[in-house]
A.B. asks: 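What follows is a single structure, and I will ask about it in a moment.
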Amino acid sequence: MKNIVKIGIFTFILLSNFIVFAQGDDDEGGGLEGNDPAPTPINGKLLYLGIVGIIFAVYSFKKYKIFLKN
């Protein structure tokens, strides 16, 4: 019985992508209505992201004693 429920949920999730696409009114050009917003740049805080990543790596290595043995 549990397998039937699992298969049913899996099938629903797999096939639901056909249903959940965005709906909108078509314009004359064939595209959806409205303009897309301008893309957001990601390079503004990339240095901070790298620093946080290095600090997290050192913390993880120390916590699990991978290579930093004091």
A.B. asks: For the residue pair T11 and I7, what are the closest heavy atoms and their distance?
C.D. replies: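 Residues T11 and I7, closest heavy atoms: OG1-O, 2.7 Å.
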A.B. asks: State the CG-CD1 distance between L46 and I51, to the nearest 0.5 angstrom.
C.D. replies: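 One gets 10.5 Å once the value is rounded to the nearest 0.5 Å.
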A.B. asks: What's the separation between atom CG in L49 and atom CD1 in I54, rounded to the nearest 0.5 Å?
C.D. replies: 10.0 Å
